[in-house]
Structures are given as structure tokens and as C-alpha cells.
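Below, each value reflects all heavy atoms present in this structure, side chains not excepted, and no hydrogens, waters or symmetry copies. Here is how names work: the chains are called A, B, and so on, in the same order as the sequence lines, proteins then strands, and each is numbered from 1. The shown structure was predicted, so the numbers you read here are calculated from the model rather than taken from an experiment.
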Protein chains: 2
Amino acid sequence: MSEVFNKGQLAAQAARSLNNVTTKQKNEALLMMADALIAATDEIITANKLDLEYGKQQGTSSAMLDRLTLNEQRIAAIAEGLKEIAVLPDPIGEQLQQFTRPNGLNIRQIRVPIGVIGIIYEARPNVTVDAAGLCLKTGNSVVLRGGSAALHSNSKIVAVLQQALQQSALPAEALQLIEDTDRASVTELIKLDRFIDVIIPRGGASLIRNVIENATVPVIETGAGICHTYIDADANYDMAAAITYNAKVQRPSVCNAMETLVIHQQFANEHLVALCKLFAEANVQLKLPAAYLANIPEATAVTEADFATEYNDYILNIAIVESLDEALTHINRFSTKHSESIITNDAAHAARFLQEVDAAAVYHNVSTRFSDGFEFGFGAEIGISTQKLHARGPMGLPALTSTKYQITGNGQIRQ
Amino acid sequence: MSEVFNKGQLAAQAARSLNNVTTKQKNEALLMMADALIAATDEIITANKLDLEYGKQQGTSSAMLDRLTLNEQRIAAIAEGLKEIAVLPDPIGEQLQQFTRPNGLNIRQIRVPIGVIGIIYEARPNVTVDAAGLCLKTGNSVVLRGGSAALHSNSKIVAVLQQALQQSALPAEALQLIEDTDRASVTELIKLDRFIDVIIPRGGASLIRNVIENATVPVIETGAGICHTYIDADANYDMAAAITYNAKVQRPSVCNAMETLVIHQQFANEHLVALCKLFAEANVQLKLPAAYLANIPEATAVTEADFATEYNDYILNIAIVESLDEALTHINRFSTKHSESIITNDAAHAARFLQEVDAAAVYHNVSTRFSDGFEFGFGAEIGISTQKLHARGPMGLPALTSTKYQITGNGQIRQ
């Protein structure tokens, strides 16, 4: 049997006993995991150096190497993350519904663990700890499949966490790392319905697409964000400038950053030049409809293909529209249904936007950058779902749970 | 462009305007659809006769032909079903959460339509109407792909419903039927992520497996049920006999019928012969562990493969165990996680069973046959989900909805 099959099976067996641990036992295990990480700081840094050396040999970019780097401070922050998960309320066992039928059946719907969660991700070794903590807190086993770039770091971290689990009431087998970084191990994992209940891919578009196209295990799709901000005719310039600047410039590499700014012609006539100057000063490369290039010499012409591109970079498309309807049509056409915002003082326009734009999060007079589990107050985030089933938008702990109906009676039979 | 692509696109366009119709408009449309079906009774029966003739030529079984048959009474019952959906509460717009963050952001989570739902099913033409009614009630477009055996009936029914929709406030394009009954049209539909938001297969195991293995659109898995009843050592004989007889015999062809009866040895010693006599009198073919065959001459030996089989027929496996633990192990090994029941007077055993058995519905002193949207009081059922994401167990109208976060502020930007 392969590594994937064996570890999937162990995780599934562990899931059954995980179902019986208490909240207190889970929280204690999380704190033990945090302490173990701190205690193993030197070993983890040593393992991480092997990944960094390999990365340098491979010509990995300095930005990527920085993401991959673990030092004392970062390991402390990662351990702190586990402690924060430990103090969050436990959703497992929560009663969602309870009712009695005329025939006397008592029906309760309660939250239960999903079972075994497979997480497929790329470079960052902090995801290893974060995903393990969130899954164990919700009583799930987790099978991690990280990228080859972080293999030494991930292997060491998981070994440390498993040792901590062995001292806890939780089964150490509930945490598994697939060390085979060949692509075939991903393919095997996403088809392992027998043991894996859900796959959450965290990474770039091609990783996610590969999982969706080949998985037979249900997938929670996360990530892709072509986010828009629409500035309405009557919007206040200062607010519009502050929000759109924040949405584009504060952290362009993330999924909730703005890719396209849609502007009502009336607002554009008055403010486009000033707004573009602001973005240009922040080194944002601007793409505009050809008709507007004369006034904005630093911009280039925007194309249909640009509107369909998630840059995650200092690049911004601008579309000019003549009405709210035209803005809605543009957004519903190009949106990846992640996060969309309207800036307006017109309450009726805001209401229509919030109703008619089909996205996980729709905003009025707010930056799209707030689409985030921590900003929403969930205390945790396993990702941002861009699909419509199970969970949509920022996913906190309840997104890692399923439900079960418990029905009690006294001999009822169906007529 | 193919039929599937064109109809998928029309449905997706219609979904956008469906998002803006009121509950009253949807309910009126459902009533108009019901009236139109009644008015078209003769035409529908004529179309249905073509399917029945074709079925007879193909040597279709009389049971299958009966399921396919539409007559005045059945059409009236189907139309009545639409009227019942019309009076159900509309889940769309329901506020699930509302909270204000310290920075003043007001966050609401509301129920919204999923968008476009694809339903793939087999012979029964009543599913055509039922699925259309449930999807439209929840503001979703629906693309139906029925089997070739019911093509004439389905085409006529959908034409009648679309005509009714044309008189209503709902777009007629929200209801689409794929008339291409080649298997390739299923393959195309389940990969049409661009327009279809979820696929619900309703049918036999091979249909469902094909969809799960090939879909890129998210799937809600329904149906497969290897359901168990466990009779504990101290169970009351009369209750155990009544419940297990009901679970097996009342309607063996359905997914919530019992396939395997697990009996504590102590109960079996006293009651196995009497219980088997009861089943044998109802023409249930019994499969028992070899050691018990001497006492039950009408039974044959049960195998591991039998325990993994969903018969949907008058066949029953029996397993004899020495403890609750052994029963739990057997059930968690062979269960398809649909519906499982314990019969016991021991409250601690019942609690352990309800906690430790991993299934959509777990019962104490109740027949598994109650796993049903109507029996749960949902007033509707689109199927019984056996997966753990999105919806688990009997699915009523809320299972056909997604959610959206609406966030309002006054210029908040992320720090």
C-alpha cells in the first residue's frame, strides 16, 4: 500500500476516536503542541535551513524564500496561533435544531466533526501548524500534503506535533503528513473517498484547478479573487480614494485585493485624473479604456482579457460605466464571486448592489480587504470559500464541521 | 454550441433575474404551473403513452413501467405537490447572523439562491415537476437531465411548465430540460462549471458514481443506504420485532430500508428463531452466520460481500455480536452513513450509539424508514444527502440555498 493510502487509513481510524474526546482534552492538546513547537525551535530552524538552501540552489525568488523562512520569532508567532485556537469556542456538539414531531419523534440536529480533512498547499510552513490546529480543534483528523519546497520544515514540524499529541488524549495518528511530493500523491489523495471526507486546496489557481478537475472527494474551493470596487456617480471623493487605494495598494498579493475599479462616468469626469495620480504615485500600473488614455499618459489600454485576470500585483484595470446597471453587468460578468464593493451615498443604489451582485461578500463604503476570518471576528480562518456549497466567504471553525440528526422515540414505525 | 451549453447559459442568465423576484411572485408561478399541468392532462398522457410503448418494446419490467406511467390521478397528485411547495416558507432572504465589529462594520449573513442547479435522474417523470418546483421556490434556475425512458413525458411536462412561467413574473428560461439523452450530455453538464453551481444526481449507484468521478461542478451525493438496526441484549422483543420488520418489509426498495440486522448474542439466543420466522413469512430471504444456520433452515450463510451490499429487496443480512462495541465496529465498517438505529432500554448504550455511529441520521427505538424530508416535517425533499458537506440527511428547501455576507460601513479601510 502507498504512503497516501496508509496515512489516509490511519487518519480515518483516528477520526473515530477523536469523535469522543472532550473540548478540554482538545484544548490541552493544542497547548501542548504550542509548547512543543517552542521547545523544538532550534531543530525546526535547522530543518528549515535545508529547505532554504535547496530553494537558493533552485533559484527561488527572494520573496518566496522569505515566506519559507522560519526563525525564532516566527515559530513563536505560529505557536501563539495554536494557543489562540485553543481559546476559541468549540462548535462540536452545538445543537442547531430540536423539534418534536406529532408522532412523538424527538429530532435534534447537532454539529459533528467532518471526519478526515485533506489539505493541499504550497510553500508556507505556517499553514502546516495552522491547519493542524483548526482541524484538531473541530475533532477532525487531517492529512497534510505540502509542497516540496518546505518538505524538511514540514516533516520536522509534524514530527514535533505528533510527539506532543502522544502525550495528549488525542490520537497522534489524527495528524498525518504526506512526504511524497510527487504530483501523483496529490492525485491519489484527492481520489481517496474511502478515507478522506473533504479536500481543501490552498494555493495558486493551477493547484486549485487541478484538484477540482480530478478530485472525487468533495472539495471546498478557496481563493481566486477578481474583486471590483464600483464608485457611483455621487460618491464622496475622499472616501472613494481612501477605500480604493486601500483595496489595491495595502497588500496587492492577496485574494481580497481589488483588481478592477469600475467608475461612473460622472465621477470619472471630475476625479479620474486625481485618482489615477494617486495610484501612479504608489507605482500601480494603470489600464484604462482607450478613450481616456489622452488624459492619463502613464496608463495603457485595458482589454477584455485584462478584466478576466487576477493580477495579485500593482496593476489595476479601470472600467468607466454610464449607470449602476452597466456596473452590475460588468461585475457579474467578470467577478469570481469573492468580494465586491460599492462606494455611494445613494441608499437605493447600495441596496441594489448588495442584493444583485452575486458574491461571497458584498460591501457598501468599505474596502474589500476586510474579507477575512479574523476581520469578521471568527478568531480563525481556514480559507475563503468562493463556492456556493457548504461554506461561502471567510471560513471559521464551523466550516470544518458537519451535522448529524439524532432521533429518539419509543417504538415508532412508518405507516 | 451544444444543447447543454446553450441551455446552461440561458439558465445562468435567468438566475440573475430570479434573484430579484418576490416570494409572492414565486408562489404565484408555482400555482400557475400546477394549473397548467392539470389543464394539459390529456396531452401529457398522450406523450407518456409514447414512452410506455417504447418501454414495452424494450422489454422494460412491469415495475419500471408502472413507475413511468402517468394518469389523471397521478398528474393531479404531481400538481398538488407544486401547490404544497407554494405554501412552504421561503428561506431566501432569511438573516442567519448579524453583528457589528468594533470598527463599526455591520455584517449580515443572509440566505440567497445557489444559482443554477443541475439534476440528473432516471425514469420517474414526477421528479421533473418536483425538482422544478423546489428549485424555483428557492430562486434557483434548474437544468434537468432525465433518462431516455421518460423523454416524451418530460419534454411535454417541461413545455407545459415553461408556458406557465411565461405568464408569470419568473423567467421561463429558469427551467431547462436537456433532451439529448446520450451519455455524453451528462458528461458535458457535470463539467459545465461556468454556468452550473451544483449537480444533484438522483438515481442508482452507477449513475451517482459516474457523476462523482467525472464532475468538476460540486456534487451533492444522495442515496446509497446500507442501513443497520442493532438489537441490544436487553431489548424488548415486541418493539424490536415491530421496528425491524418495518425497516425491512414496509418498502424494501428505498434507501432508508434496513439491509443488515445486528443482534446481541443474548437477545439472539432467546429470540432469533421467532424473529427469523417473522421475516421468512414476509418472504424475506435471510442470510446468517454459518453457526446459526442449523436453527434457521430457511437461511443461507452470510458473507463479507453481503454486508457490503445494498439489496433494496426482500433480502436481509443478520450479524450476531457479543457486545455494543462489536456492533459499533460492524456498523462503522459497513455503513454508508445514511441511517442507523439501536433498539435498547439501556440509556447509556443508546447515548453511545447516537454519539459514536457516524451517519446522517441515528435513531434510538425508531425505524430507519423515518429518514425522509416529509417525515422530518420539512414539507419537501430534494433527496437524502449521504455526504458531509453542505447538507447531510434529508434535504428540504434550505439545502437548495447558499449564503452571502452583506457588509456596510462608512469608509473603513484595513490597517
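By number of non-hydrogen pairs under 4.5 angstrom with chain B, the leading residue of A:Ile110, A:Leu328, A:Thr401, A:Asn214 is A:Leu328. Annotation: maximal heavy-atom pairing with chain B below 4.5 Å, among A:Thr368, A:Ile114, A:Val217, occurs at A:Ile114. Contact tally against chain B (heavy-atom pairs below 4.5 Å) for A:Thr216, A:Asp193, A:Asp197: the top residue is A:Thr216. For the options B:Arg209, B:Gln250, B:Glu213, B:Met239, heavy-atom pairs under 4.5 Å to chain A are most numerous at B:Gln250. Comparing B:Ile343, B:Asp372, B:Val219 by how many heavy-atom pairs each has under 4.5 Å with chain A, the most go to B:Asp372. The residue among B:Gly115, B:Gly409, B:Ser367, B:Ser341 with the most heavy atom pairs within less than 4.5 Å of chain A is B:Gly409. Taking A:Val112, A:Thr329, A:Asn236 one by one and counting their heavy-atom pairs under 4.5 Å with chain B, the maximum is reached by A:Thr329. Comparing A:Thr408, A:Leu389, A:Leu105 by heavy-atom pairs within less than 4.5 Å of chain B, the highest count is held by A:Leu389. With chain A as partner, the option from B:Val362, B:Leu354, B:Asn20 having the largest number of non-hydrogen pairs under 4.5 angstrom is B:Val362. With chain B as partner, the option from A:Arg414, A:His364, A:Arg352 having the largest number of non-hydrogen pairs under 4.5 angstrom is A:Arg414.
In this structure, no portion of A:Thr244 lies under 4.5 Å from any heavy atom of chain B. Contact of B:Asn106 with chain A is not made at all, since no heavy-atom distance falls under 4.5 Å. At a 4.5 Å heavy-atom cutoff, the contact between B:Ala215 and chain A is made by backbone atoms alone. Contact annotation for A:Gln355: both backbone and side-chain heavy atoms come within less than 4.5 Å of a heavy atom of chain B. When heavy atoms are compared at a cutoff of 4.5 Å, A:Val198 approaches chain B solely by way of its side chain, counted from C-beta outward. Neither the backbone nor the side chain of B:Asp238 comes within contact range of chain A; no heavy atoms are under 4.5 Å apart. For a residue to count as touching a neighbouring chain, one of its non-hydrogen atoms must lie under 4.5 Å from one of that chain's; by this rule A:Ala360 touches chain B with the backbone only. For chain A, the nearby parts of B:Ile413 are the backbone and the side chain; heavy atoms of each come within less than 4.5 Å. Of the two parts of B:Ala391, neither the backbone nor the side chain holds a non-hydrogen atom closer than 4.5 Å to a non-hydrogen atom of chain A. Contact of B:Asn332 with chain A is made through the side chain alone, with heavy-atom distances under 4.5 Å. If you measure heavy-atom distances from B:Asn256 to chain A, the contacts under 4.5 Å come from the side chain alone. At a 4.5 Å heavy-atom cutoff, B:Glu221 makes no contact with chain A through either its backbone or its side chain. Within the 4.5 angstrom heavy-atom criterion, no atom of B:Tyr245 approaches chain A. Contacts between A:Val357 and chain B at a heavy-atom distance below 4.5 Å involve the backbone alone (N, CA, C, O). Residue contact with chain A, scored on non-hydrogen atoms closer than 4.5 Å, involves the side chain of B:Asn103 exclusively. Interface remark: B:Arg251 contributes no atoms to any contact with chain A (heavy atom separation under 4.5 Å). At a 4.5 Å heavy-atom cutoff, the contact between A:Ile107 and chain B is made by side-chain atoms alone. The contact between B:Arg101 and chain A is made entirely by side chain atoms (from C-beta outward), counting heavy-atom distances below 4.5 Å. Proximity to chain B (any heavy atom under 4.5 Å) is shown, for A:Ala247, by neither the backbone nor the side chain.
Here the straight-line distance linking atom CD1 of B:Ile200 with atom CD1 of B:Ile220 works out to 4.5 Å at 0.5 Å rounding. For the atom pair CD (A:Gln9) and CZ (A:Arg194), the distance works out to 6.5 Å, reported to the nearest 0.5 Å. To the nearest 0.5 Å, the span separating NZ on A:Lys337 from OG on A:Ser385 amounts to 12.0 Å.
With B:Arg108 as the partner, the side chain to side chain donor-acceptor pair (under 3.5 Å) test is satisfied by one option alone out of B:Gln98, B:Gln97, B:Gln406: B:Gln406. Tested against A:Thr222 for a side-chain contact (heavy atoms from CB on, under 4.5 Å), the candidates A:Thr386, A:Ile382, A:Ile208, A:Ile384 yield a single pass: A:Ile208.
Annotation for A:Ser402 and B:Arg392: closest pair OG-CD, 3.4 Å, computed over non-hydrogen atoms.
Heavy-atom contacts from other residues, nucleotides or ligands closer than 6.0 Å to CD of B:Gln415 number 12 or fewer.
The pair A:Asp358-B:Lys404 fails the salt-bridge criterion, with no side-chain N (NZ, NE, NH1 or NH2) lying under 4.0 Å from an Asp/Glu carboxylate O.
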| request: Begin with the C-alpha distance, continue with both residues' side-chain angles, and end with the deciding distance and a verdict on side chain to side chain donor-acceptor pair (under 3.5 Å) for A:Thr344 and A:Asp346. | output: CA-CA 5 Å; A:Thr344 188; A:Asp346 182 324; 5.4 Å; no
| For A:Ser371 and A:Tyr363, what are the C-alpha separation, side-chain angles and deciding distance, and is it a side chain to side chain donor-acceptor pair (under 3.5 Å)? | CA-CA 10 Å; A:Ser371 286; A:Tyr363 293 88; 2.6 Å; yes
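In this pair, A:Phe376 and A:Phe378 present their aromatic rings perpendicular. The plane angle is above 60°, beyond the 30 to 60° band.
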